[in-house]
Amino acid sequence: MKHLALALSVAFLLAGCAAEAPVVQAPTMYADMAVAGAKLDAVAAATMISQYRQNNGLGMVEVDPELMRLAESQSQAMADKNKLDHDVRAPLAKRLNGAGYDATVAVENVSAGYHTLAEAFSGWRDSPPHRANMLKTGVTKIGIAASYAPNTKYKVFWTMILAAPDGKKPS
């Protein structure tokens, strides 16, 4: 009986220790965007793109709220129409101008079917035109979005806009 009580005490102590073990969370670049309510971590995306750019001798990018809105709008428009297309609503220049976003340079990557930021990044990196956009000289701002559309072929539509604001102040 004494041995049983000792064994139970040890088991309870070990169970208590196990409950305190920290839960390891996967990096946000691996978060599944193909689920309702998924939220893309824009800061993690900017960090990933910045590190890639720095590894290639270029400057960093930072999240721009207006570019975020434009990227979200583009991704949602593609999801709503179930169509992967830069011009699903309008060409990038027209969308930027319509939002009052003045840029000396702006480029856009769109894609669909990738469920995580890591997958979308890898797809863009492995495509020469998309890679060239990520490595565009002079860009300093980023907007990125993923829109989930469960009843479509691709499920997730991605947009990344990189730009260099012109910096002019209105007179």
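These numbers were taken from a predicted model, which means no experiment stands behind them. Position 1 is the first residue of the sequence, and the numbers go up from there.
- For the atom pair CG of D85 and CD of Q74, the computed distance is 7.5 Å after rounding to the nearest 0.5 Å.
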Using residues 96-106 as the side-chain source, report each donor-acceptor pair under 3.5 Å to any protein atom, sequence neighbours left out, with the distance given to one decimal.
{"residue": "N97", "atom": "ND2", "partner": "A93", "partner atom": "O", "Å": "3.3"}
{"residue": "Y101", "atom": "OH", "partner": "D64", "partner atom": "OD2", "Å": "3.3"}
{"residue": "T104", "atom": "OG1", "partner": "A164", "partner atom": "O", "Å": "3.1"}

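- A salt bridge between R69 and E72 is absent, with no side-chain N of the basic residue lying under 4.0 Å from a carboxylate O of the acidic one.
- When all heavy atoms are compared, the tightest approach of R95 to L70 is O-CD2, 3.8 Å.
- Taking all atoms of both residues into account, the shortest heavy-atom contact from F157 to M78 is CD2-CB, 3.7 Å.
- Residues that satisfy the side chain to side chain contact (heavy atoms under 4.5 Å, CB included) test with D80, not counting sequence neighbours, are Q76.
- In this structure, H86 and P91 have side chains that are not in contact, with every pair of non-hydrogen atoms separated by 4.5 Å or more.
- Rounding to the nearest 0.5 angstrom, the gap separating the NE2 atom in H130 from the OG atom in S122 is 13.5 Å.
- When all heavy atoms are compared, the tightest approach of M60 to Q54 is CG-NE2, 3.2 Å.
- A distance of 12.5 Å separates CG in L58 from OG1 in T140, rounded to the nearest 0.5 Å.
- Residues passing the ring-ring contact (aromatic ring centres under 6.0 Å, His included) test with Y148: none are found, sequence neighbours excluded.
- Ring centroids of Y52 and F121 are separated by less than 6.0 Å, placing the two rings close together.
- Residues K136 and L162 fail the side-chain proximity criterion, which asks for heavy atoms closer than 4.5 Å.
- Between D32 and V35, the shortest heavy-atom contact is O-CG2, 3.3 Å.
- The CD atom of E108 sits 9.0 Å away from the CG atom of N133 when rounded to the nearest 0.5 Å.
- Taking both residues in full, the closest heavy atoms of A45 and I144 are given as CB-CG2, 3.7 Å, listed atom of the first, atom of the second, then distance.
- Using a 4.5 Å cut-off on side-chain heavy atoms (C-beta onward), N56 and R131 make contact.
- To the nearest 0.5 angstrom, K141 atom NZ is 13.5 Å from M68 atom CE.
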Item to check | Candidate pair L84 and V110, rule side chain to side chain contact (heavy atoms under 4.5 Å, CB included), full reasoning | outcome: CA-CA 7 Å; L84 175 60; V110 296; 3.8 Å; yes
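- Residues Y154 and V156 do not share a hydrophobic cluster, defined by chaining ILVMFWY side chains whose heavy atoms lie under 4.5 Å apart.
- Minimum interatomic distance between A145 and S75 (heavy atoms only, all atoms of both residues): O-OG, 3.3 Å.
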Checklist entry - Hey, mind stepping through L117 and M48 against side chain to side chain contact (heavy atoms under 4.5 Å, CB included) and telling me if it holds? => result CA-CA 9 Å; L117 173 60; M48 178 186 283; 4.2 Å; yes
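- Remark: M134 CE to S127 OG distance equals 8.5 Å, nearest 0.5 Å.
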